[in-house]
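Count residues from 1 along the sequence.
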Amino acid sequence: MEQLKELENLSSQILSQKASVDMKTLIEQSVEMFRLSLKQSNMKVLVKAESGIVLVNDRSISQVLSNLLDNAIRYYEGTGPLIIKGECSDSEYKFTVTGPGRAIRPEDSERIFERFYRTEHSRSREFGGSGLGLAISKEIIEQHNGKIGVQSEGNNHTFWFVLPCSQADLNG
């Protein structure tokens, strides 16, 4: 499996190829990649991304953004908007994507970032995928000294990650 191989080679790639980037730019580029899908599905999307400099491998963080956006679109169920935010604080940058979908059981939300874990096997066939996207995302975020998670309130879900801000941004 290509994704599994990629997951195992991730550590050395991420550590050796980091640069200071503005998360606002990465978020806007990632959302733009999904514009056609969003338009075709008639989803309302609200994007509010603040600038914030982080020291990251931009290719791998773009992959995390794509994984989270793709899942939000793929598993969208409801009428509410998809809300995409990027917020900068003194020491960290927080990305969130919030939208309606099928309820996620508490026991599933604890395991959803594990390799090959699927919340519903019947949906695996219906929606495709390997069950590796969130596991890869978790590995990438942890390699960047960040955290990733999900919060659910009924049928409304927020997938999020937090990355430390670049020291250059904090001092300048």
Side-chain angles (χ1 to χ4, degrees), residues 3-4 6-35 37-38 43-76 80-101 104 106 108-115 117 132-153 156-172:
Q3 281 188 316
L4 187 56
E6 184 176 338
L7 181 60
E8 292 168 356
N9 292 328
L10 214 44
S11 298
S12 60
Q13 175 191 7
I14 289 172
L15 294 173
S16 66
Q17 300 172 355
K18 288 185 179 179
S20 292
V21 298
D22 188 348
M23 281 298 298
K24 179 179 181 176
T25 303
L26 289 184
I27 292 168
E28 289 172 347
Q29 289 171 347
S30 294
V31 170
E32 192 57 37
M33 287 178 14
F34 289 96
R35 281 285 176 213
S37 299
L38 292 164
M43 268 185 238
K44 184 173 182 185
V45 180
L46 303 172
V47 181
K48 183 182 177 192
E50 299 173 359
S51 284
I53 306 300
V54 292
L55 182 64
V56 296
N57 176 294
D58 61 342
R59 185 172 164 226
S60 59
I61 294 302
S62 292
Q63 181 178 357
V64 173
L65 292 167
S66 292
N67 286 346
L68 295 180
L69 292 172
D70 183 51
N71 282 352
I73 294 166
R74 186 181 302 206
Y75 297 110
Y76 180 91
L82 200 57
I83 301 169
I84 300 162
K85 288 186 183 178
E87 300 171 298
C88 188
S89 71
D90 290 341
S91 61
E92 62 187 24
Y93 194 93
K94 184 173 186 177
F95 170 82
T96 60
V97 57
T98 303
I104 299 174
D108 287 333
S109 66
E110 293 172 15
R111 299 190 60 207
I112 206 165
F113 293 93
E114 294 175 11
R115 287 184 189 188
Y117 187 76
L132 284 172
L134 292 177
I136 289 171
S137 296
K138 180 180 182 196
E139 180 71 21
I140 290 169
I141 295 300
E142 288 177 350
Q143 288 291 327
H144 286 87
N145 299 314
K147 296 177 188 159
I148 190 168
V150 60
Q151 288 179 288
S152 293
E153 292 179 25
N156 205 41
H157 312 294
T158 299
F159 282 82
W160 58 269
F161 68 80
V162 177
L163 295 170
C165 287
S166 170
Q167 290 300 86
D169 190 40
L170 296 176
N171 298 328

Does any N or O in the side chain of [X] come within less than 3.5 Å of the main-chain N or O of [Y], such that one atom is a donor and the other an acceptor?
X    : Y    : result
N67  : G133 : yes
Y76  : N71  : no
H144 : I140 : yes
E87  : K94  : no

Does the side chain of [X] reach to within under 4.5 Å of the side chain of [Y], using non-hydrogen atoms?
X   : Y    : answer
L82 : K44  : no
V45 : F34  : no
T96 : F161 : no
I83 : V47  : no
K48 : I84  : no

Taking all non-hydrogen atoms of both residues, which atom of G146 and which atom of L163 are closest, and how far apart?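 Minimum heavy-atom separation between G146 and L163: CA-CD2, 4.3 Å.
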Please round to the nearest 0.5 Å and tell me the distance separating atom OG of S66 and atom CD1 of I61.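 Output value for this atom pair is 11.0 Å.
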side-chain contact (heavy atoms from CB on, under 4.5 Å), paired with L26, selected from Q29, E28, K24: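 It is Q29, the one option of Q29, E28, K24 that forms the side-chain contact (heavy atoms from CB on, under 4.5 Å) with L26.
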